[in-house]
Amino acid sequence: MVTSDVKPPSSQNKLCGTVEKTLKTITSSEMNKRDIAYEPSDDIETHDLKKRNSTATLDQQKRELYDSQEAHLKALSLDMNELHSMGVAIECALDTQNEQLCSLSNQAIELSEQHKMVTRRAERLCQDKINW
């Protein structure tokens, strides 16, 4: 924590009395909190100025954070739209393949039935020749 004393010049010292103001600047990990340390010796104008500066800084930081998040969300949205389109294309391809598999399955069943008929006929013909 850095502390500095701010004293009015000697000419103003006569007008202001022996007023000493202490301004604290917070650094390192406490800086992320953006807390402003108010001293009891701060006058109302200094207090208001610190509060306005703090509020403006926080609002600006919130706006920057919001804008950054919006940019990331927009990029994610574009990626999600692309993934959605790919998913729809995959769905269409799978539907087509499923229809083709059903068709092949039906054709295989029909061929199997035809094969059984041909086999039965061939067996009958063989038995007829043996019986003669």
Please give the remaining members of the hydrophobic cluster of Val88, linking ILVMFWY side chains under 4.5 Å, ordered by chain and number. none

If I take atom NZ from residue Lys62 and atom CD from residue Gln69, how far apart are they, to the nearest 0.5 angstrom? 12.5 Å

Sequence neighbours excluded, which residues qualify as side chain to side chain contact (heavy atoms under 4.5 Å, CB included) partners of Arg120? Lys116, Met117, Arg124

Let me have the donor-acceptor pairs involving side chains of residues 79-87, under 3.5 Å, with sequence neighbours excluded, atom names and distances please.
residue, atom, partner, partner atom, Å
Asn81, ND2, Ser77, O, 3.4
Ser85, OG, Asn81, O, 3.1

All salt bridge (Lys or Arg N to Asp or Glu O under 4.0 Å) counterparts of Asp95, not counting sequence neighbours: none

Nearest 0.5 Å, please: how far is OG in Ser105 from CG in Asn98? 10.5 Å

Which residues share a side chain to side chain contact (heavy atoms under 4.5 Å, CB included) with Thr119, sequence neighbours left out: His115, Glu123

Who passes side chain to side chain contact (heavy atoms under 4.5 Å, CB included) against Glu70, sequence neighbours left out? Tyr66, Leu73

For Cys92, is there any backbone N or O sitting under 3.5 Å from a side-chain donor or acceptor partner on Thr96? yes

Looking at residues at least two apart in the chain, or sitting in another chain, which of them share a side chain to side chain donor-acceptor pair (under 3.5 Å) with Asp67? Arg63

To the nearest 0.5 Å, how far apart are CG in Asn106 and CG in Leu101? 11.0 Å

Apart from Val118 itself, what residues make up its hydrophobic cluster when side-chain heavy atoms of I, L, V, M, F, W and Y under 4.5 Å apart count as a link, directly or indirectly? none

Could you list who else is in Leu94's hydrophobic cluster, with ILVMFWY side chains joined at under 4.5 Å, directly or through other members? Ile90

